[in-house]
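These notes concern the structure reproduced below.
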Number of protein chains: 2
Amino acid sequence: MNERTPPTSRRSRPAKPPLSREVIVAAALDLMARDGFSGLSLRRVAAELDTGAASLYVYVANLGHLHRLMLDAALGEMQLPEDGSAPWREAAMSLLLAYLQALHGRRGLARLAMTALAAGPGAMRIWERLLHLLRGAGMDGRRAAWGVDLLLLQATAIAAEQAGRDAGGLRPESIREEVEALPEERYPLVRAHADDLFSGGGLQRAAWALEVILDGLAAAPGVRPGLGETL
Amino acid sequence: MNERTPPTSRRSRPAKPPLSREVIVAAALDLMARDGFSGLSLRRVAAELDTGAASLYVYVANLGHLHRLMLDAALGEMQLPEDGSAPWREAAMSLLLAYLQALHGRRGLARLAMTALAAGPGAMRIWERLLHLLRGAGMDGRRAAWGVDLLLLQATAIAAEQAGRDAGGLRPESIREEVEALPEERYPLVRAHADDLFSGGGLQRAAWALEVILDGLAAAPGVRPGLGETL
DNA sequence: ACCTGAACACCGTTCAAGT
DNA sequence: ACCTGAACACCGTTCAAGT
């Protein structure tokens, strides 16, 4: 924290970097990390860069485009777990958990991932890796491709839901109160399972859900029997 | 306002219904059906009711609250499939497909369902029904409760993703073009599976995903080694 | 080619003033 | 208690004018 204050070096921190797509995306990601998804706007990104919102349109088509660029850039920074010799299921789980943690690691990113759709190199290397694992498990092309989509969408939706609850100003207790205000005669099971419905921390629930999906993907056609020696 | 000589029965069609939570929610749902989620705003709902946005705050805490009320009301109108004597899996699938079709049936609803979180009677009767089916299949309380959450979240996410693509002004081809512009050496599997990744209509993909999750839920828990037991 | 200020057409929310 | 107009503090996007 406390370093000897160096003579102000302008070299390490240019006063006003020239605009570029990269600079804009980086500033937008910084802003979102600070103020959340709802604090992100073209005008504020521009202000961060000491310019007006109109200037950004040279590099970015519109807000949605910036969202997609931000998501792909953030995913590109994510570190993929070692591609070791673990069985496909463990490898898939650690990749998915890393993805989940990346979404949780930067404020606003989970919601961005549910809103925007990234198809650039940052997102696609995750697809490539997961596709490799599911094909290696013996699934055919369609099952592997749709499986990757299913797994990543589920991870994204879980992260977004949890982030939305936190950011939405909706206290978790108030949801529970609403459920418990329902007439017990008409909703006996919901009432009886309230504890289970609201139990489980974020990552625990997410890991459970992903395991169930992997169970489903492994269970039906396409899996070579005897691969897992787990049965 | 006009008390003398009513030419027709004003009882059947009041010119300006008095404000109430129900009237506001109905007007909001109508507006969204017409102009989509992005066309929905408190100001426009108020204009629809011949008043100002400030007037709505007597009945609704804020925009997020209105979203939740809208979602619950829309789900409450949804017709659940007959509670016949079908096996639990078929019954669950037809319930989930009905939910999916409800989300697709009203413009903007899918995105609303991913954004808002409904815990009122309209949403809870779906939870109640699904909970009943999964418990009937022999799952314990936690597995059934988390399973319902998983299934409904997946259905919602699929619907929202598809709706978002349509509404976001993002042509599906342009995503594919972006994927196919990636260097083949680094993303060979993504490129090789492009057809599979983009294949399948909305309901087909959704039904496949839900079947996979049901497979996973139906599979005996604990067959996998390691990871699962740390919960 | 890039950047800008100003304008356009919107937002959610609050509040004092009315009834 | 309910309703309202006006105000506040914002938006994304366009465009003519500058460099």
Rounded to the Å, how far apart are [X] [atom1] and [N] [atom2]?
X     : N      : atom1 : atom2 : answer
A:L42 : C:dC11 : CG    : P     : 18 Å
A:L19 : D:dT19 : CG    : C1'   : 15 Å
B:L31 : C:dC11 : CG    : P     : 9 Å
B:R43 : D:dC10 : CZ    : P     : 15 Å
B:D35 : C:dC11 : CG    : P     : 10 Å

**OP:** Could you let me know what C:dT4 is paired to, Watson-Crick or G-U wobble, both distances under 3.5 Å, or none if it's on its own?
**Re:** D:dA16
Original post:
Considering every strand shown, what is the Watson-Crick or G-U wobble mate of D:dC10 when both distances are under 3.5 Å?
Top reply: none
Original post:
With a 4.0 Å cut-off on heavy atoms, is B:S55 in touch with a base, just the backbone sugar-phosphate, or nothing at all?
Top reply: base
**OP:** Kindly state whether the ring of A:H65 and the ring of A:Y59 have centres lying under 6.0 angstrom apart.
**Re:** no
Original post:
Listed in order of residue number, which residues of residues 56-67 of chain B have a non-hydrogen atom at under 4.0 Å from DNA chain C?
Top reply: B:Y57, B:N62, B:L63
Determine whether [X] and [Y] make a side-chain contact, defined as any pair of heavy atoms from C-beta on separated by less than 4.5 Å.
X      : Y      : value
B:R176 : B:L197 : no
B:R191 : B:E180 : yes
B:R106 : B:E77  : yes
B:L80  : B:R125 : yes

Subject >> Any A:T51 side-chain N or O less than 4.0 Å from OP1/OP2 of C:dC3 >> reply: no
**OP:** Quick one: sort the B:F37 and B:H67 rings into parallel, tilted or perpendicular, breaks at 30° and 60°.
**Re:** tilted
**OP:** Pick the P atom in C:dA9 and in D:dC10, then give their distance to the nearest Å.
**Re:** 22 Å
Subject >> Nearest atoms (heavy-atom pairs only) where A:I158 meets A:A209 >> reply: CD1-CB, 3.8 Å
Original post:
Picking from C:dG5, D:dC11, D:dG5, which would you name as closest to the side chain of B:A54?
Top reply: D:dG5
